[in-house]
Amino acid sequence: MSEIREITDFSAPELDVYARLTEAQIRSRAEPEAGLFIAESPVVIERALDAGCEPVSLLAERKHLTGDAAPVLKRCPDLTVYTAALPILEQITGYKLTRGVLCAMRRPPERELDEILADAQRIAVLEEIMNPTNLGAIFRSAAALGADAVLLTPGSCDPLYRRCVRVSMGTVFQVPWTTLGSDASDWPESGLGELKKRGFTTAALTLSPDSEDLRTFRPARSEKIALLLGSEGPGLRPETEAGCDRRLRIPMAHGVDSLNVAAAAAVAFWALQERCP
C-alpha cells in the first residue's frame with residue numbers, strides 16, 4: 001500500500017525534485033542514469049507507466065488521492081505519496097498544477113537510431129526546436145496523424161521537459177524518439193547522411209517561394225520520408241535545406257507569411273498521411 005506523507009516541512013530534501021531543482025538538474029546531464037523527469041496529470045502519468053517508466057514518488061492534492069490519482073496509486077502500490085492542499089502544492093512547485101498531481105519518474109535511456117527507424121516510413125526531424133510548448137504540440141500531432149518516429153538534432157529541447165510532456169498529453173511516451181548525433185558537429189551533414197543511408201527521402205519544410213507546393217507532393221506509401229522542420233523564427237539552416245532531396249512549402253493566403261512550427265508540422269503530417277497514393 002502506498003505510503004501517504006502529509007507535507008509539513010517544505011525544506012525536506014525529498015521534495016527538491018518538485019520544489020528546488022532546475023530542469024537541467026532533474027535531467028542530470030552529467031549522470032544520465034540518475035536522471036529524473038516530472039509527469040504532470042493522471043493521464044500523462046499513466047501513459048508514462050504504460051511505456052515502462054519507473055515512478056519514484058508522487059505529489060498530489062489531497063482530494064485526488066481517492067479521485068483522479070486513484071488508478072495511479074492502484075498501479076503503484078509501493079509508491080511514496082506527498083500530499084497537501086492545492087495552495088500549498090502550488091507554493092512548493094511555483095506554478096499552477098494541472099489536475100493537482102505530479103509524479104517524479106526515472107528517465108528511460110534514449111533508444112538507438114537503428115531501433116527507431118527499423119520499420120519507420122514517415123518520420124519528423126526537428127532541427128533545434130527549443131520551445132517546449134511547440135515540441136509537445138508536435139509530438140501530439142505526430143501521434144495523432146501517424147508519424148512513426150521523431151528525431152531531434154543536438155541543441156533541441158528535451159522531450160521530457162515538464163511542460164513538453166504535459167502539452168504532448170504524454171504522447172512523448174508513445175511516439176519513438178531519439179537524438180540524431182551527440183553534438184552540434186553531427187548535424188546537418190552527418191545526420192542527413194545517416195537518414196539517406198537508411199533509404200529516407202529527406203524533405204525540408206521551408207518558406208522559400210521556389211520550393212514545391214506541399215499539395216503536389218505525392219510520395220508512394222512505400223517511400224520512406226523524413227520531414228525536416230526548423231527552429232522557431234529562422235527555420236531550417238540554409239545548409240540543411242541544401243542537403244535535402246526535396247523542399248516543400250505550405251501555401252499561404254491573406255498575406256500570412258508563415259505558420260507556427262507546431263501548426264506547420266500538423267499540416268504536413270496530415271498531408272503525408274492523406275496524399276500518398
Side-chain angles (χ1 to χ4, degrees), residues 23-24 27-30 32 35 37 107-139 141-142 147-161 164 168 172 175-208 211-212 214 217 219 223-250 258-262 264-266 268-269 272:
E23 289 282 347
R27 182 173 181 173
S28 294
R29 289 176 184 270
F37 69 91
R107 289 185 67 93
E110 279 200 34
R111 296 170 66 176
E112 295 295 327
L113 186 63
D114 286 336
E115 177 194 359
I116 292 281
L117 299 183
D119 299 310
Q121 292 292 119
R122 301 286 185 266
I123 67 171
V125 181
L126 309 182
E127 182 181 84
E128 297 176 1
I129 302 296
M130 295 299 298
N131 184 296
T133 300
N134 283 338
L135 186 58
I138 291 171
F139 266 95
S141 294
D148 297 314
V150 172
L151 303 182
L152 301 106
T153 67
S156 294
C157 177
D158 177 15
L160 296 185
Y161 185 95
C164 180
S168 82
V172 294
V175 179
W177 62 269
T178 194
T179 304
L180 191 54
S182 57
D183 59 56
S185 65
D186 293 327
W187 184 259
E189 184 176 357
S190 177
L192 289 174
E194 288 291 335
L195 294 172
K196 293 178 181 180
K197 183 171 69 176
R198 290 167 172 79
F200 282 88
T201 295
T202 51
L205 200 62
T206 176
L207 300 176
S208 299
S211 56
E212 180 181 351
L214 179 63
F217 183 54
E223 185 177 359
K224 299 201 290 187
I225 303 296
L227 179 70
L228 281 81
L229 297 111
S231 61
E232 300 86 350
L236 290 168
R237 299 180 190 176
E239 59 268 35
T240 302
E241 275 197 39
C244 286
D245 302 308
R246 308 286 286 268
R247 296 191 305 150
L248 309 173
R249 73 179 185 283
I250 298 171
S258 66
L259 293 174
N260 166 276
V261 66
F269 294 155
L272 288 180

Counting C-beta onward and ignoring hydrogens, is there a side-chain heavy-atom pair between L126 and W177 closer than 4.5 Å?
no

Does the pair E23/R27 count as a salt bridge with the N-to-O cut at 4.0 Å?
no

Verdict with supporting geometry, V261 and N131, side-chain contact (heavy atoms from CB on, under 4.5 Å)
CA-CA 10 Å; V261 66; N131 184 296; over 6 Å; no

Testing the basics here: between F217 and I225, what is the closest heavy-atom pair and its distance to 0.1 Å?
CZ-CD1, 4.0 Å

Heavy-atom closest pair, residues A120 and F200
O-CZ, 3.7 Å

Consider side chain to side chain contact (heavy atoms under 4.5 Å, CB included). Of L195, D148, T178, which one does L117 pass it with?
L195

Return the CG to CG distance between D186 and L192, rounded to the nearest 0.5 Å.
11.5 Å

Determine the minimum heavy-atom distance between V125 and A226, stating which atoms define it.
CG2-CB, 4.2 Å

Do side-chain atoms of K224 reach the backbone of R198 as a donor and acceptor pair under 3.5 angstrom?
yes

Any side-chain to backbone donor/acceptor pair from T202 onto D245? Under 3.5 Å, distance only.
yes

Heavy atoms, side chains only, cut-off 4.5 Å: are R237 and W187 in contact?
yes

Where do S208 and E241 come nearest, in terms of heavy atoms and distance?
OG-OE1, 3.6 Å

Which residue in the set T153, L236, T240 passes side chain to side chain contact (heavy atoms under 4.5 Å, CB included) when paired with P188?
T240

S211 to L248 - nearest heavy-atom pair and separation
OG-C, 4.0 Å

Closest non-hydrogen atom pair between I138 and A265, with its separation
CG1-CB, 4.0 Å

Minimum side-chain heavy-atom gap L160-P108 below 4.5 Å:
yes

So, do D158 and C164 sit near enough that their side-chain heavy atoms are less than 4.5 Å apart?
no

L272 versus P219: any side-chain heavy-atom pair under 4.5 Å?
yes

Measuring from atom CG of N260 to atom CG of N134, what distance do you get when rounded to the nearest 0.5 angstrom?
4.5 Å

For the residue pair L135 and L152, establish whether any side-chain heavy-atom pair is separated by less than 4.5 Å.
yes

Could you work out, with salt bridge (charged side-chain N to carboxylate O under 4.0 Å, His left out) as the rule, every residue matching E212, not counting sequence neighbours?
R246

So CG of L207 and CZ of R247: to nearest 0.5 Å the spacing works out to 11.0 Å

Do the side chains of L113 and L180 get nearer than 4.5 Å, heavy atoms only?
yes

Does any part of the side chain of E232, heavy atoms only, come nearer than 4.5 Å to the side chain of I129, both counted from C-beta?
yes

